[in-house]
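Written out below as structure tokens is the structure these notes cover.
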Amino acid sequence: MSVLLYEPGLFELLESPAGPTTRSVTAKAEAVAAIARDNVRTNFTRRSGTLEESIGVFPEETVDGVACQVGTEGAPYGRILELGGEAHEIRAVNRRFLFSEPNNPNPLINTHMRTVAHPGPPAKPWLVPALETVFFGG
């Protein structure tokens, strides 16, 4: 003889957006964000920490439940660092010439230049490796 117990609200909990599936997805998204922060910390020189601090999980309620996005908020250059950038020209805007800070160990430009041809930043993926680590084991 078997007995089935129906706890009031059990089915609602299992099927609701706040149920086990959503918690699992949120946990995976949090893991991706944590690894992405570690990747940023190890792959880039920390200047202000804005990119690392801007990485987060952004849940959005949908018709099917909750969708979680991992990305940056307040650091739009994160995508450029992930994918790389195109070659472009840097021009002096508020001054007659471009200049580097006096104690800059890696100056990009010499004095008395008005423009510089920047080769574009190389791709240094920090988010895709985090996704691969969490979902495919590395």
Side-chain angles (χ1 to χ4, degrees):
M1 178 176 169
S2 65
V3 177
L4 292 175
L5 298 175
Y6 291 102
E7 180 88 23
L10 178 61
F11 289 113
E12 187 175 332
L13 172 66
L14 292 173
E15 294 174 359
S16 75
T21 302
T22 299
R23 288 191 293 274
S24 173
V25 169
T26 303
K28 286 206 181 243
E30 290 289 348
V32 169
I35 294 170
R37 283 187 213 99
D38 288 342
N39 290 345
V40 166
R41 199 175 304 118
T42 58
N43 293 342
F44 302 106
T45 304
R46 184 178 172 125
R47 293 188 181 157
S48 65
T50 304
L51 177 60
E52 181 183 342
E53 293 167 5
S54 72
I55 297 170
V57 176
F58 306 101
E60 181 180 323
E61 198 167 329
T62 65
V63 176
D64 298 326
V66 175
C68 289
Q69 295 183 12
V70 177
T72 62
E73 185 173 65
Y77 53 87
R79 181 175 169 88
I80 295 169
L81 294 174
E82 175 80 21
L83 303 174
E86 296 178 359
H88 59 281
E89 191 173 77
I90 300 173
R91 296 179 165 270
V93 176
N94 295 329
R95 299 178 184 252
R96 188 170 173 187
F97 299 107
L98 294 168
F99 71 98
S100 288
E101 296 297 324
N103 296 325
N104 188 349
N106 299 315
L108 296 174
I109 54 179
N110 297 321
T111 56
H112 306 300
M113 294 179 73
R114 294 178 188 210
T115 62
V116 169
H118 190 287
K124 290 185 180 179
W126 52 270
L127 182 57
V128 170
L131 288 165
E132 290 172 349
T133 299
V134 170
F135 288 98
F136 304 119

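In this view, E53 and R46 satisfy the salt bridge (charged side-chain N to carboxylate O under 4.0 Å, His left out) rule, not counting sequence neighbours. Listed by chain and residue number, F58 satisfy the side-chain contact (heavy atoms from CB on, under 4.5 Å) test with E73 (two or more places apart in sequence, or in another chain). Considering only residues two or more places apart in sequence or on other chains, E60 meets the side-chain contact (heavy atoms from CB on, under 4.5 Å) condition with Q69. The side-chain contact (heavy atoms from CB on, under 4.5 Å) search around A31 returns V134, not counting sequence neighbours. Under the side-chain contact (heavy atoms from CB on, under 4.5 Å) criterion, R79 pairs with L83, sequence neighbours left out. Applying the side chain to side chain donor-acceptor pair (under 3.5 Å) criterion to T45, with sequence neighbours excluded, gives no partner residue. Taking E89 as the reference, R91 meet the salt bridge (charged side-chain N to carboxylate O under 4.0 Å, His left out) condition, with sequence neighbours excluded.
Both I55 and L131 are part of a single hydrophobic cluster, where members link through side-chain heavy atoms under 4.5 Å apart. Linking ILVMFWY residues whenever their side-chain heavy atoms come closer than 4.5 Å, directly or via other members, places V32 and F136 in the same cluster.
Summarising the geometry of F135 relative to K28, their closest heavy-atom pair is CE2-CD, 3.5 Å, with the distance given to 0.1 Å. Across all non-hydrogen atoms, the minimal contact from A130 to A36 is CB-N, 3.6 Å. Taking every heavy atom of both residues into account, I80 and P121 meet most closely at CG2-CG, 3.7 Å. What you find for K124 and F44 is that their closest heavy atoms are CD-CE2, 3.5 Å. In terms of heavy-atom proximity, V70 sits nearest to A29 at CG2-O, 3.6 Å. Closest heavy-atom contact between G78 and L51: CA-CD1, 3.8 Å.
Residue pairs meeting the ring pair (Phe, Tyr, Trp, His ring centres under 6.0 Å) criterion with at least one partner in residues 70-96, sequence neighbours excluded, are H88-H118. Among pairs with a residue in residues 32-43, those fulfilling salt bridge (Lys or Arg N to Asp or Glu O under 4.0 Å) read D38-R41, R41-E52, at least two apart in sequence or across chains.
A donor-acceptor contact shorter than 3.5 Å is absent between the side chain of E86 and the backbone of G120.
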